[in-house]
Amino acid sequence: MMDMWLPLIGGLVLLVAGGDLLVRGAVQVAERLGVSPLVIGLTLVGFGTSTPELVTSVQAALSGSPGIAFGNIVGSNIANILLILGISALILPIAVSSSALRRDAVVMLGVAAVFAVLSFAMPLGRLVGVALIAALVAYIYLAFRQESSAAEHGAIYDKAAALEAVDPGLHPKPAPAGSMLTPLLLAVGGLVLVVVGGAFLVTGAVAIAHSFGIPETVIGLTIVAVGTSMPELVTSVVAAFKRQSDVAFGNIVGSNIYNILGIGGGTALISPARVPEQIVTFDNLLMVGVSLLLVIFAATGLRIARWEGAVLLAGYLVYLYVLWP
């Protein structure tokens with residue numbers, strides 16, 4: 001029994017630790033190169049911490065386990081909304097900025113719908129992967145343009161702010177003097193840990209699925225998805241306790257956009273595959289449905305109330321009940 005669970009748990013630990021080291025090193029390298037703090041926040045900090053999810057999905061796809069690869073992506077989006085925002089709203093009602101709702105939440109809903117349609121219509125090949133990554137680059141560019149001139153912040157900025165609040169070491173600072181060697185070694189070491197952790201996680205997840213006769217897709221949608229979403233859970237809950245609930249909303253919305261465009265695009269580009277039928281016919285539709293529900297909740301009074309958080313959390317428990325055999 002432990003032979004199956006140890007690789008999975010150890011892989012999660014290495015993924016989280018490696019992702020943190022990777023982002024820290026990358027941020028310090030960017031600082032020494034004189035990169036703008038805003039650019040660092042919107043790219044390296046905002047999305048860099050999702051590297052563990054990217055590595056896990058790519059390694060699962062390369063290992064011939066598309067259920068874990070795409071289950072991780074779709075399951076993370078569902079868990080982010082129902083589980084993480086549900087818990088965060090129960091702690092403190094979540095304020096929603098109008099800019100995050102108009103631009104980012106609508107984009108989140110749109111990319112979820114596009115992913116569902118593409119998954120139904122065709123295998124996710126390299127052309128689709130390139131298109132998704134190009135859309136992510138365009139989104140980040142537009143977000144940077146708006147953040148540079150707008151008084152209100154959007155989801156990517158909020159995601160970076162939430163991470164920096166939990167770990168001040170990720171907060172971009174003026175370009176320091178010093179050698180590039182240490183931050184480079186930090187980043188490379190983090191990348192190695194992430195790659196090794198992803199391999200362990202996929203190996204453990206596949207072994208558990210085969211041992212208990214559970215479809216790999218279910219493992220990907222639940223254990224792997226929730227495990228790789230731990231950073232989002234921690235940052236959103238900390239933001240709620242610090243009464244920075246608007247940041248919690250942007251953190252989740254930004255993560256969901258990156259999961260589809262960045263991780264989905266990267267997985268399709270590196271290891272083209274068809275999304276498993278169960279995800280296409282059920283989980284993708286649920287992902288779009290809960291994304292729409294979140295937009296509706298957020299649009300009513302620009303806040304997610306405690307009772308709405310309770311509805312989201314209850315929805316996740318029902319989802320687990322339906323999903324597990």
Side-chain angles (χ1 to χ4, degrees), residues 50 70-90 93-121 124 132 135-136 139 142-143 154-156 158-159 221-222 225-226 229 232-233 236 245-265 275 277-323:
S50 294
F70 293 107
N72 180 35
I73 297 168
V74 177
S76 290
N77 278 23
I78 293 171
N80 282 346
I81 294 174
L82 296 182
L83 176 64
I84 298 177
L85 272 184
I87 292 174
S88 301
L90 282 175
I94 296 174
V96 179
S97 70
S98 57
S99 62
L101 176 63
R102 287 194 311 268
R103 181 185 69 199
D104 304 298
V106 171
V107 170
M108 177 195 69
L109 175 60
V111 299
V114 168
F115 182 84
V117 171
L118 290 174
S119 301
F120 175 80
L124 297 189
L132 293 177
L136 177 62
Y139 172 72
L142 291 175
I156 307 182
D158 288 341
K159 178 173 171 58
L221 287 162
T222 55
V226 173
S229 293
E232 282 78 14
L233 175 60
S236 292
S245 58
D246 56 330
V247 173
F249 179 81
N251 179 37
I252 293 306
V253 170
S255 296
N256 281 16
I257 292 172
Y258 180 72
N259 283 344
I260 296 294
L261 299 182
I263 300 175
V275 178
E277 183 178 356
Q278 175 187 333
I279 295 177
V280 171
T281 57
F282 177 67
D283 302 281
N284 274 350
L285 301 180
L286 180 64
M287 175 179 66
V288 175
V290 298
S291 298
L292 177 60
L293 179 63
L294 177 60
V295 171
I296 293 172
F297 279 176
T300 54
L302 291 180
R303 71 197 299 266
I304 300 173
R306 282 194 173 91
W307 74 266
E308 292 169 326
V311 169
L312 294 177
L313 184 57
Y316 193 69
L317 296 178
V318 171
Y319 173 62
L320 292 180
Y321 177 80
V322 170
L323 202 61

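Any value given below was found using the heavy atoms of this structure, including those in side chains, with hydrogens, waters and symmetry copies removed.
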Review point. Rounded to the nearest 0.5 Å, how far apart are CD1 of I279 and CG of L285?
Key: 11.5 Å
Review point. Atom CD1 in I252, atom CG in D104: separation rounded to 0.5 Å?
Key: 13.0 Å
Check your understanding: Is there a side-chain contact between I296 and E308 (heavy atoms, below 4.5 Å)?
Key -> no
Revision key, fill the gap. Applied to residues 284-310, the ring-ring contact (aromatic ring centres under 6.0 Å, His included) test, sequence neighbours excluded, yields F297-W307
Check your understanding: Listed by chain and number, what are the side chain to side chain donor-acceptor pair (under 3.5 Å) partners of S229, not counting sequence neighbours?
Key -> S76
Review point. Shortest non-hydrogen contact from V226 to A79?
Key: CG2-CB, 4.2 Å
Practice item. Calculate, to the nearest 0.5 Å, the distance between atoms CD1 and CD1 belonging to I304 and I94 respectively. Key: 4.5 Å
Exercise for review: Evaluate the side-chain proximity of V111 to L132: yes if any heavy-atom separation is below 4.5 Å, no if none is.
Suggested key: no
Review point. Minimum heavy-atom separation for L312 to G86, with atom names?
Key: CB-CA, 4.0 Å
Point to revise | Worked verdict on V288 versus L109 for side-chain contact (heavy atoms from CB on, under 4.5 Å) | key: CA-CA 7 Å; V288 175; L109 175 60; 4.3 Å; yes
Revision key, fill the gap. The single option from N251, V290, L294 that satisfies side chain to side chain contact (heavy atoms under 4.5 Å, CB included) with L85 is L294
Revision key, fill the gap. For V280 and S119, the nearest pair of non-hydrogen atoms, with its separation, is CG2-O, 3.7 Å
Revision key, fill the gap. Residues passing the ring pair (Phe, Tyr, Trp, His ring centres under 6.0 Å) test with Y258, sequence neighbours excluded, are F47
**Study point:** side chain to side chain contact (heavy atoms under 4.5 Å, CB included) against L313, all qualifying residues, sequence neighbours excluded
**Key:** L83, I87, L90
Check your understanding: So which of L82, I84, I78 actually passes side chain to side chain contact (heavy atoms under 4.5 Å, CB included) with N80?
Key -> I84
Review point. Under a 4.5 Å cut-off applied to non-hydrogen side-chain atoms, are L118 and V275 in contact?
Key: no
Exercise for review: Can you see which heavy atom on R303 is nearest to which on P93, and at what distance?
Suggested key: NH2-CB, 3.1 Å
Review point. Is there a side-chain contact between N284 and F120, using heavy atoms and a 4.5 Å cut-off?
Key: no
Review point. Could you go step by step and tell me if D283 and L323 meet the side-chain contact (heavy atoms from CB on, under 4.5 Å) rule?
Key: CA-CA 9 Å; D283 302 281; L323 202 61; 3.9 Å; yes
Exercise for review: Could I get the full list of side chain to side chain contact (heavy atoms under 4.5 Å, CB included) partners for L317, not counting sequence neighbours?
Suggested key: none
Practice item. Please name all residues satisfying side chain to side chain donor-acceptor pair (under 3.5 Å) with Y316, sequence neighbours left out, ordered by chain then number. Key: none
Point to revise | All side chain to side chain contact (heavy atoms under 4.5 Å, CB included) counterparts of E277, not counting sequence neighbours | key: T281
Practice item. Using the six-membered ring wherever Trp is involved, compare the ring planes of F115 and F70 and label them parallel, tilted or perpendicular (cut-offs 30° and 60°). Key: tilted
Point to revise | Spacing of L292 atom CG and M287 atom CE [to the nearest 0.5 Å] | key: 12.5 Å
Exercise for review: Over all heavy atoms of both residues, which pair between A105 and V295 is shortest? Give the atoms and the distance, please.
Suggested key: O-CG2, 3.8 Å
Check your understanding: Any idea which heavy atoms bring G75 and A225 closest together, and the distance?
Key -> C-CB, 3.4 Å
Study note, to complete from the structure: One should read off an interatomic distance between L293 CG and I81 CD1, to the nearest 0.5 angstrom, of 8.5 Å
